[in-house]
Amino acid sequence: MKWPWPFLPAGSRKRDEDLDEEIRAHIEMSVRERVERGATPDAARAAAQREFGNVGLVKETTRDTWSWVWLERIAQDVRYGLRMMRRSPGFTIVAVLTLALGIGANTAIFSFTDQILLRTLPVPNPEQLVVLRSPGRNHGHTWSDIDNGAQSFSYPMYKDLRERATVFSGLLACRSVDVNVSGHGATQSAHGELVSGNYFETLEVPPALGRVFTPSDETAPGGDTVAVLSYRYWTRQFGADPSILNKALTVNGIPLTLVGVARKGFDGVQIGEAPDIFVPVTMMEQMAPNSPQTLEDPNDHWLPVMGRLKLGMTRAQAQASLQPLYEPILESDAKLLKLHGGDLQQFTAKPLLLIGGSHGRPVLQQDAEEPLLVLVSMVGLVLLITCANLAGLLLARGEARQREIAVRLALGSGRGRLVRQLLTESLLIGVIGGAAGILLASWCSSDACHASGLAFDAEGPRLERFRRPLEYPAAKNLDRFASGADRGAARRRRASRAHASECRAH
Amino acid sequence: MKERYQNRIELLQGTLDLLVLQTLRWGPQHGYGIGRAIQSQSGDVLQVDTGSLYPALHRLERKKWIAADWKTSENKQRVRVYRLTASGRKQLADERSRWKQLSAAIAGILNAAKKEYEG
């Protein structure tokens, strides 16, 4: 059966036919000469053919001199491989499905792992970022999403640290709040992020439009009625309309002036959270009216703090120089809290520690790390089993094909050529299985998000951060080629053992 | 299959190209004719294997030293006829002089050995 190969240079078939005719003419001339010399036609033809030798081999070696022959060979291998697959649909379906399941599961889980555990924040030099934590008992009101409140500070304490610490090129604070946005049709809820004035400066995130906040946007409680939109929200809600600049947006009943849009791809400092609107931290009481905490009370611990270390500063150095600054702040807080005796000692002995912040605030990671690592190892094992299964399947098939291979060896096909043919067949199955696996993974990834219990519930819109695993073909290709090559090697060994002599035995 | 070829002198790599170009100097010829010509002109010492001849012809054609046309023979047989091109003529001259150098060099070595042996 002919198979259309659009990528072959035009005229390749013509050239093949020409070679056939050239060889036919050669033999005919040889026959005629022998007949003229008195041989019988049958004897002449036999002798001419004997003299010419193996027609297929001559054609093959001649074709080797054509420049595009390697392309044709690959096409031929692929064509033949597809034909073999069509001839045994049961085997093909089982092999492709096995691969699809193994690769699909790996792709889906790996894409989660990459998003949650491996990727650093999309800001310049994320390795300079640190998260501040001060474990120990807090007094007053503590808000906590992580670490028993050790990563929550009061706004006055944050300001003290920002003024006194010299180890940071910037010390930022941010806290997510849910807000209601109106002024553009119906009231909608959105993800707000209360940020310090130096937030964008410290993270080195430039505006995509207008400007981002500066320290002068953090003045007095309730006094900074400005907002910056995330690029995603700007595109989704405003159709990326640049004319919204300097217009008012009503957030929780307060009109805020839109001064700019943050850079595309910036989604705050917490994986799994994608803020829509950034508002100065001084607007805290307006943006979170039901919060039990207040902005200025040193006993209210609710503000996560991150810093960017100065160039060349290590975490240990920074931590050592921070401790002497921290103690007096704690002592003055203790006075306000009227702490005595053991409580006082415990409180003022709290350390100030720095943990790596290149992946942002480790909220999601804290819950997801262990289950994800377990899952990754599990699906890795599944892939291993998949490969073993397939290798077994292919070995069994190789056994059944020994005769075919022996015939082809006897007809003069080179061992290298045969090996390449078998490798091509394995790779074909690998490629098709891999493609099916990626399809499967992208199809089930959104469902898996909901079902995985990775704390994404009721956060539908934020799921769009989790891109489809189609982004990972590079990693998966490696897997695929590795397993494809494995199986090819197993069959290669079988093929080499099938000698031409065995054919005669059959 | 190997035994059949045992009595034949193997051609040096590249020598076949020279012989083909030289044969075509007397006029266009088809593959069968080239093989026959080399065989008869060498006094039946050189038999050109078709598995070497056709690859060589196609290789020379790709290098544009020879060109091919389809002609119809007197027996109404369509045959592919090769002819020497201008660059093929130049190539032939180059290869001839190289061959002379080579054979002179080999002859020199053999003669020196002979003298030593006799002396």
Side-chain angles (χ1 to χ4, degrees), chain A residues 9 11-12 14-37 39 41 44-73 409-414 417 500-501 503-504, chain B residues 1-8 10-11 13-14 16-17 20 23-24 28-40 44 46-83 88:
Chain A
S12 77
K14 171 90 173 68
R15 198 157 179 184
D16 256 348
E17 283 165 6
D18 279 357
L19 182 58
D20 281 348
E21 191 164 359
E22 190 174 3
I23 289 170
R24 215 179 307 128
H26 182 116
I27 294 174
E28 287 308 322
M29 283 186 276
S30 179
V31 170
R32 205 169 302 121
E33 212 177 271
R34 279 160 214 273
V35 171
E36 279 165 14
R37 270 193 261 131
R45 181 158 300 277
Q49 268 163 357
R50 205 175 325 113
E51 187 193 59
F52 191 91
N54 186 335
V55 174
L57 206 57
V58 171
K59 277 201 273 194
E60 195 83 340
T61 43
T62 304
R63 266 194 228 114
D64 279 348
T65 64
W66 302 348
S67 55
W68 36 264
V69 73
W70 60 272
L71 190 61
E72 201 221 15
R73 285 256 174 103
L409 279 174
L411 287 178
S413 54
R417 187 77 209 284
S501 57
C503 179
R504 279 180 234 129
Chain B
M1 199 185 262
K2 278 234 169 82
E3 275 171 33
R4 260 189 56 210
Y5 293 142
Q6 260 178 6
N7 296 328
R8 220 187 50 200
E10 284 290 332
L11 284 175
Q13 182 79 35
L16 182 58
D17 289 4
V20 167
T23 307
L24 287 178
Q29 188 60 278
H30 43 67
Y32 179 70
I34 294 170
R36 273 278 173 274
I38 292 175
Q39 195 182 342
S40 64
D44 278 348
L46 299 178
Q47 264 187 17
V48 183
D49 177 18
T50 49
S52 310
L53 177 65
Y54 281 98
L57 286 173
H58 284 246
R59 192 171 53 241
L60 293 173
E61 190 188 351
R62 244 191 87 207
K63 288 181 177 166
K64 303 227 186 310
W65 292 338
I66 60 176
D69 305 294
W70 283 103
K71 294 230 167 73
T72 309
S73 72
E74 58 265 40
N75 306 306
K76 308 275 179 236
Q77 173 86 50
R78 236 162 69 84
V79 289
R80 202 152 189 258
V81 174
Y82 295 90
R83 62 183 157 77

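Remember, predicted model here, so these are calculated numbers, not experimental data. These numbers come from the heavy atoms of this one structure, side chains and all, not from hydrogens, waters or symmetry mates.
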Working to the nearest 0.5 angstrom, can you tell me the gap between Gln77(B) CD and His26(A) NE2?
11.5 Å
Looking at every non-hydrogen atom in both residues, tell me the closest pair between [X] and [Y] and how far apart they are.
X	Y	result
Gly51(B)	Thr61(A)	O-OG1, 3.8 Å
Ala25(A)	Arg78(B)	CB-O, 3.7 Å
Glu22(A)	Trp70(B)	N-CH2, 4.0 Å

If I measure from the heavy atoms of chain B, does Leu19(A) come under 4.5 Å with its side chain, its backbone, both, or neither?
side chain
Chi angles and distances behind the side-chain contact (heavy atoms from CB on, under 4.5 Å) call for Arg36(B), Met29(A):
CA-CA 11 Å; Arg36(B) 273 278 173 274; Met29(A) 283 186 276; over 6 Å; no
Go through the atoms of His58(B) and report whether side chain, backbone, both or neither lie under 4.5 Å from a heavy atom of chain A.
both
Under a 4.5 Å cutoff for heavy-atom pairs, which residue among Lys59(A), Glu28(A), Arg32(A) has the most contacts with chain B?
Arg32(A)
Determine the interplanar angle of the Tyr54(B) and Phe52(A) rings, folded into 0 to 90°, and report it as parallel if under 30°, tilted if 30 to 60°, perpendicular if over 60°.
tilted
